[in-house]
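Positions are given from 1, in the same order as the sequence printed here.
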Amino acid sequence: MLKLLAPLLSSAVSGELGSAVNRAKRRAIFLALIGILSVVGAIFLLVAGYIALTERFGELHAALILAGGAFVLALLAYIVMKISEMIARKRQRERSKVDKSTLLTIAALAAAPTVLKSRGLLMLAVPVIAFAGLSLLTKKKPSTNDDV
């Protein structure tokens, strides 16, 4: 039965994969074209702004205004990048805490049948579980204040 379905499935998958690759290529070409035309438009917009500023303030001041504006925009982009990186790192730390506690819970549940079978292991496990639970309950959150 599988021998009969294998050619049908492989042709369906290869056809879908081929059309997906073609769509991705077409999309990449159009996005590259859009990007190039956007850069050309931005350059002409800067030239038009320079001409307008030159008529109003003179050549030197117009160039300084455009350069200052570019530096301000670059600084704003840098600040936004740093803030987004900080938020991403914070989310990653929170996610890793959840992952660690989940792994510990899974390991404890996996070891539970073995521990519960043996009376000696059960007697050793009870104080360890109590200590772990107590440490989780009394764990202090790290302070974020850097008062020195």
Side-chain angles (χ1 to χ4, degrees), residues 1-116 121 125 127-148:
M1 181 72 170
L2 187 58
K3 289 181 180 181
L4 296 174
L5 290 177
L8 179 64
L9 291 174
S10 66
S11 66
V13 169
S14 66
E16 288 295 318
L17 184 63
S19 65
V21 168
N22 287 336
R23 280 194 310 267
K25 284 180 185 177
R26 192 170 35 254
R27 185 173 171 92
I29 290 169
F30 280 113
L31 286 176
L33 181 64
I34 290 168
I36 291 169
L37 292 174
S38 296
V39 168
V40 169
I43 289 171
F44 277 106
L45 187 62
L46 285 173
V47 168
Y50 177 76
I51 291 170
L53 288 172
T54 301
E55 291 175 0
R56 173 128 174 127
F57 298 109
E59 291 180 8
L60 179 62
H61 288 97
L64 290 174
I65 290 170
L66 286 176
F71 283 128
V72 167
L73 289 175
L75 182 63
L76 287 174
Y78 178 76
I79 291 170
V80 168
M81 179 189 71
K82 285 297 187 181
I83 290 172
S84 67
E85 284 178 358
M86 185 175 63
I87 291 170
R89 269 188 264 130
K90 183 178 178 182
R91 284 184 186 156
Q92 181 61 33
R93 280 193 301 264
E94 290 172 359
R95 205 175 306 127
S96 69
K97 286 179 187 177
V98 170
D99 290 346
K100 188 182 352 177
S101 65
T102 302
L103 286 175
L104 289 174
T105 304
I106 290 171
L109 289 174
T114 306
V115 171
L116 293 176
L121 284 176
V128 171
I129 292 171
F131 178 71
L134 184 64
S135 69
L136 287 174
L137 290 175
T138 60
K139 187 175 183 181
K140 292 181 183 177
K141 294 193 180 217
S143 66
T144 58
N145 295 342
D146 292 334
D147 296 333
V148 178

Rounded distance (nearest 0.5 Å) linking atom [atom1] of [X] with atom [atom2] of [Y]:
| X | Y | atom1 | atom2 | value |
| --- | --- | --- | --- | --- |
| Ile65 | Leu60 | CD1 | CG | 9.5 Å |
| Ile79 | Ser84 | CD1 | OG | 12.0 Å |
| Ile83 | Met86 | CD1 | CE | 6.0 Å |

*side chain to side chain donor-acceptor pair (under 3.5 Å) partners of Gln92, counting only residues at least two apart*: Arg95
*Can you name the one residue among Arg27, Lys25, Arg26 that meets side-chain contact (heavy atoms from CB on, under 4.5 Å) with Arg23?*
Arg26
_Pairs where residues 46-67 contributes a residue and the test side-chain hydrogen bond (donor to acceptor under 3.5 Å, both in side chains) is met, not counting sequence neighbours_ = none
_Closest approach of Leu66 to Leu46 (non-hydrogen atoms, all atoms of both residues)_ = CD1-O, 3.9 Å
